[in-house]
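Following: one structure in structure tokens, then a few remarks.
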2 protein chains.
Amino acid sequence: MNPLSSPDVLGGSDAASPSRRELNKAATRRAIATAALGLLRDKGVGQFTVEDIAAAAGISRRTFFNYYSSFEAAMASVADGFLDRALEQFRLRPASEPVLESAQAALMALADPATIAPMAEFFSLTQESPSLARSELEAWDHCTSQIIDAARERLGPRANELYLRALAGSVISCGKAAMTVWFEESDSDLSPASLTRLRQYLIDAMGLLGSGFASQTAPTTLPATHPSDSTSSTTERF
Amino acid sequence: MNPLSSPDVLGGSDAASPSRRELNKAATRRAIATAALGLLRDKGVGQFTVEDIAAAAGISRRTFFNYYSSFEAAMASVADGFLDRALEQFRLRPASEPVLESAQAALMALADPATIAPMAEFFSLTQESPSLARSELEAWDHCTSQIIDAARERLGPRANELYLRALAGSVISCGKAAMTVWFEESDSDLSPASLTRLRQYLIDAMGLLGSGFASQTAPTTLPATHPSDSTSSTTERF
DNA sequence: CCTTAACTTGCGCAGCGTGCAAAATTGCAC
DNA sequence: GTGCAATTTTGCACGCTGCGCAAGTTAAGG
């Protein structure tokens, strides 16, 4: 029946085994996520049911729940897919590189039109739906866990747990802060100039983290409340 | 009827107006949260319904939903109450103090037996319930928003938004990391010695943040992360 | 071809979350 | 106190969720 039924050439047990079943399941997962995102776009948040998603994906309602335990879970998988790209980049960095630099480089990979487009859409939807906001939180948290694992792997199993968690959490927080600020000020603007700004935010955020948010400790006497002002941002402004 | 019905002495329009109705609602809120926590303790997670909580709190199922939109929301309010204590402390710190020091002092207030007891219980339940884990995430996120507001208020409205968000997020992440590590290693041990360790973790985490997680870039001597040393891990390990 | 395991589907059911309107409670002025 | 108005509680109904179960359907392998 199927022209591709021959066993995989590699027969690898370690790597992914692209059996027909696995492929189908992966395809179904993607179909569900795509259908859900599409309905979100077309009908708006809360204006459709799981049954609608299932219909759009060409499966039954029951099968939907075989793949995702809830609509939120399906959405979280979208965000996860986005953040996983950063994870992937992080793992590719040389182990000798300082973690913060690796993180910065990894986050930089997100400032790519094709990569960030779905996330930007997700972000905008997040603003108006507590349910999606929670999905986003979960995704960031999931990413944090992954970073912790990756960093532990890099630094060795005897790495200080507090150090690992504090660092990973802070890195993610800063990445999130950069994306939030970027998104709030340039609503889904994916132009090259806008993406350049996002990159700069990511760099700035990592810089702040690396310097211990030091802008305040230096000037022992705080300089009143008058800055040189200006609309721009580069000044740390206390 | 009520011996306390006289109008509040302050007559403040801005402050909370403790009218009888408000007091009753607050009492109901507390009753619900208490009942929910009690059932969680007695029956275990997922072994009871909203109707059970309502019965335990002496109200109807419908009224429960007048106060909380879900069981998770009720649980998040518990965690919020805990973290709000830290917020309160933060706002009490002098505005001239560096933010990181204020944050450290505020977090220190959490390492108090009476304060942390409910949270420790909440934490332990969190481990075995994705639903409660999400409530916890929401609580941390809520706290982050509050910190951002508080810091913005302190630094002036013209503060760099990226700086604010990155700093607040990192502070919370580090506080969370300290509590997580503490909780994982001393399961709900509220002894003075254990709480001292928690305080040290909080101090260490803030120290890491303030020094930009510098242990790898330059061994310039990190600011005394050695308490008197302890069981093992204090070495930064890379 | 036939068997086994994995996956899908329909069905049923307990529980969730909410709109609605009646009933109870509270605050306030007379 | 009595009555009125505003607020809160409650029961009811309804659609949706999430899951167990068992029967169908499809891939994998002898």
Side-chain angles (χ1 to χ4, degrees), chain A residues 1-9 11 13 17-32 35-36 39-40 43-76 129-132 134-135, chain B residues 1-8 11 17-32 35-36 39-40 43-76 129-132 134-135:
Chain A
M1 262 269 185
N2 52 356
L4 299 173
S5 63
S6 63
D8 50 328
V9 189
S13 58
S17 62
S19 79
R20 191 48 167 259
R21 282 202 152 105
E22 299 300 327
L23 290 178
N24 284 343
K25 292 187 73 167
T28 302
R29 281 192 104 78
R30 255 180 287 113
I32 293 176
L39 284 186
L40 215 42
K43 298 195 162 188
V45 47
Q47 300 305 301
F48 56 94
T49 72
V50 167
E51 189 140 21
D52 296 328
I53 302 175
I59 58 173
S60 73
R61 193 180 80 96
R62 190 61 185 82
T63 300
F64 173 93
F65 287 110
N66 284 346
Y67 283 88
Y68 297 105
S69 61
S70 67
F71 168 65
E72 294 181 29
M75 285 301 96
S129 163
S131 151
L132 288 181
R134 271 182 298 166
S135 297
Chain B
M1 264 263 187
N2 51 358
L4 299 173
S5 64
S6 62
D8 50 327
S17 61
S19 79
R20 192 45 169 262
R21 282 200 152 106
E22 297 299 327
L23 290 178
N24 284 344
K25 292 187 74 168
T28 302
R29 281 192 104 79
R30 255 178 288 113
I32 293 176
L39 284 187
L40 214 43
K43 298 196 163 187
V45 48
Q47 299 306 301
F48 56 94
T49 73
V50 168
E51 190 141 21
D52 296 328
I53 303 176
I59 57 172
S60 73
R61 192 180 82 97
R62 190 61 184 81
T63 300
F64 172 93
F65 287 110
N66 283 347
Y67 283 86
Y68 296 105
S69 62
S70 67
F71 167 66
E72 294 182 29
M75 286 300 96
S129 164
S131 151
L132 288 181
R134 268 182 300 166
S135 296

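Predicted model, so just to flag it, every value in this text is computed and none were measured. Sequence lines set the chain letters: A, B, ... in the order given, protein chains first and strands last, and positions in each chain run from 1.
When the nucleotides dG18(D), dT8(C), dA6(C) are ranked by their closest atom to the side chain of S70(A), dG18(D) comes out on top. Nearest to the side chain of T63(B), among dA28(D), dT8(C), dT9(D), sits dT9(D).
Within residues 48-59 of chain A, the residues that have a heavy atom under 4.0 Å from DNA chain C are, in order of number, I59(A).
Distance NZ (K25(B)) to P (dT26(C)): 14 Å, rounded to an integer number of Å. Rounded to whole Å, atom P of dC7(C) lies 14 Å from atom CD1 of I32(A). Regarding N66(B), its CG atom lies at a distance of 11 Å from the C1' atom of dG19(C), rounded to whole Å. Counting to the nearest Å, the P atom of dT9(D) and the CZ atom of R29(B) are 11 Å from each other. Following rounding to the nearest Å, F65(A) (CZ) and dC16(D) (P) show an atom-to-atom distance of 12 Å. Spacing between atom CD of E72(A) and atom C1' of dC16(C) amounts to 13 Å, rounded to whole angstrom units. We find that CD of Q47(B) is positioned 14 Å from P of dC19(D), with the value rounded to whole Å. Atom CG of N24(B) is separated from atom P of dT26(C) by 7 Å (rounded to the nearest Å).
Pairs engaging residues 43-52 of chain A under the salt bridge (charged side-chain N to carboxylate O under 4.0 Å, His left out) rule: none recorded [sequence neighbours left out].
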Under 3.5 Å, N/O pairs linking protein and nucleotides 10-12 of chain C:
none

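One finds the CG atom of L39(B) at 11.5 Å from the CD atom of Q47(B) (value rounded to the nearest 0.5 Å). Between the OG1 atom of T28(A) and the CZ atom of F64(A) there is a distance of 12.5 Å, given to the nearest 0.5 Å.
Residues passing the side-chain hydrogen bond (donor to acceptor under 3.5 Å, both in side chains) test with S60(B), sequence neighbours excluded: T63(B). In this structure A73(B) satisfies the side chain to side chain contact (heavy atoms under 4.5 Å, CB included) test together with Y68(B), S69(B), S70(B), sequence neighbours excluded. Contacts of N66(B) classified as side-chain hydrogen bond (donor to acceptor under 3.5 Å, both in side chains), with partners at least two apart in sequence or in another chain: R62(B). Shown here are the side chain to side chain contact (heavy atoms under 4.5 Å, CB included) partners of A36(B), two or more places apart in sequence or in another chain: I53(B), F71(B), M75(B). For Y67(B), the side-chain hydrogen bond (donor to acceptor under 3.5 Å, both in side chains) criterion is met by no residue, not counting sequence neighbours.
Phosphate proximity of dT9(D) to Y67(B): present, with a side-chain N or O under 4.0 Å from OP1 or OP2.
Here the closest heavy-atom approach between residue E72(A) and residue S131(A) is recorded as CG-OG, 3.3 Å.
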